[in-house]
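Read through the structure below, which is laid out as structure tokens, and then see the notes.
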Amino acid sequence: MTGSTRFLTLITVSGKLTSADWDMLDGVIAAWAKKTTDASSRRWDDLLRDKQRTVYQFFKWVRKRPHQVTPADVAAWQEELRTLREPQTNKLHYSPATLYSMVSKVSSFYRWSQKNAKRADLILQNPVDAVRTKAPKAYQTKSAKALTDEEVRTLVATVKAKADKDEIVGKRDYAMLLLYLVTGLRREEIAQLKWSDIKLEGDALLLSLHVKGGDLITREVRDPDTHAALIDYLRASRRLRGLKKDSPLWTRHDRAGLPGPALTSHAFVKNMKRYAIEAGLEHFHLHQTRHTFARIVAEDSGSIIVTQDALGHANPNTTRVYVQRVGIKRDQHSAKITSRLKTSR
């Protein structure tokens with residue numbers, strides 16, 4: 001039975017969901033997730049699991065068949081999630097962005113379902129449309145602001161101190177942090193690098209990776225400290241000569257420092273938060289490395305366009321979220337112009 005057939009079976013009857021219905025709903029959700037997730041994404045498994053879990057949990061909460069869910073049900077679910085707090089810290093469990101993402105997944109499920117219902121001449125309403133809140137403004141919290149030069153120096157020095165003590169995790173985290181800072185790449189773009197994505201050319205690193213939007217790019221890194229830190233980590237972990245094409249660049253080192261499974265970005269972020277607290281930065285967020293990269297490029301170049309290109313943004317308005325203004329527009333042309341105007345002697 002196909003996903004669309006299972007779904008039509010669910011919405012053409014009423015009454016409580018039976019055990020068989022729950023199994024059928026699980027299959028429908030899995031079919032939706034596969035149909036709406038980019039199969040070429042390196043995060044395909046994670047995205048699939050996250051989408052399925054969110055929508056299934058919604059139906060476990062509402063305990064209704066898809067066609068019986070009302071906007072009031074969705075609003076009540078949103079409000080419960082919005083006010084949910086951590087028992088130990090009393091902090092909100094979900095950020096506005098995470099909450100919006102979860103509700104959007106439910107809406108996506110209904111949009112897919114509506115197409116299947118329409119093919120069978122059935123009308124299905126999307127209960128999310130009437131109650132979904134506006135998308136939160138991007139990167140407007142303190143955790144998303146660029147670090148100052150002094151804060152960056154302190155954070156880098158803190159992590160480097162671990163590396164200098166020959167701690168293998170410190171060496172790994174130091175190389176990763178430098179790579180984030182000098183490239184401005186996103187969280188998963190660095191964390192999911194494989195050996196086949198790296199090419200060493202003299203003093204340069206060439207990174208071949210899929211960026212947001214699915215484009216494949218090659219990024220050159222000529223910073224000698226970053227190059228040296230990466231080589232130092234790979235040598236210290238005894239992996240420099242034994243890496244295969246599909247080997248993860250970053251691994252865990254839980255067993256006496258020996259390489260283990262691929263390091264997750266979540267694990268790296270936890271480490272960075274500990275380093276940041278040690279460096280006196282209590283509210284550090286990894287995305288701040290990208291904002292910091294944008295700030296420095298903008299200050300150095302004096303150009304939104306140059307910064308846009310460095311960040312890989314298709315739209316300059318997105319770049320302006322990172323760099324509100326350029327303080328000084330650098331003079332790149334006057335000397336060339338005046339040299340042409342001068343009379344040769």
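These figures come from a predicted structure and were not determined experimentally.
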Salt-bridge criterion met for K16 and D21 (N-O under 4.0 Å):
no
Tell me yes or no: between the side chains of S107 and N126, is some donor less than 3.5 Å from an acceptor?
yes
For a quick test of reading the model, state the closest non-hydrogen atom pair linking L185 to R290 and the distance between them.
CA-NH1, 4.2 Å
Ignoring hydrogens and geometry beyond distance, is a side-chain donor-acceptor pair present between T251 and H253 at under 3.5 Å?
yes
D173/K162 ion pair, N-O < 4.0 Å:
no
Below 4.0 angstrom, N of the basic side chain to O of the carboxylate: do K171 and E167 qualify?
no
Kindly indicate whether the side chain of L263, heavy atoms from C-beta on, has any atom under 4.5 Å from the side chain of R172.
yes
Please work out which of the three classes, parallel, tilted or perpendicular, describes the rings of W22 and Y56, given edges at 30° and 60°.
perpendicular
Q308 and H313: CA distance, side-chain angles, deciding distance, side-chain hydrogen bond (donor to acceptor under 3.5 Å, both in side chains) verdict:
CA-CA 5 Å; Q308 175 190 348; H313 288 153; over 6 Å; no
V62 side chain near F59 side chain, heavy-atom distance below 4.5 Å:
yes
Strictly by modelled atom types, are T70 and K64 linked by a side-chain donor-acceptor pair under 3.5 Å?
no
Got W77 and F58 here, is their nearest side-chain heavy-atom distance under 4.5 Å?
yes
Cationic N near anionic O, under 4.0 Å, R222 to E220
yes
E201/K199 ion pair, N-O < 4.0 Å
yes
Taking everything shown except E86 itself, do over 12 heavy atoms lie less than 6.0 Å from its CD?
yes
Could you check whether D45 pairs with R49 (Lys NZ or Arg NE/NH1/NH2 to Asp/Glu carboxylate O, under 4.0 Å)?
no
Quick one: do D149 and R295 make a salt bridge, cutoff under 4.0 Å?
yes
Tell me whether the rings of W112 and F109 are parallel (<30°), tilted (30 to 60°) or perpendicular (>60°).
tilted
Under 6.0 Å from the six-membered ring centre of W44 and within 45° of its axis: does the NZ or CZ of K34 meet both?
no
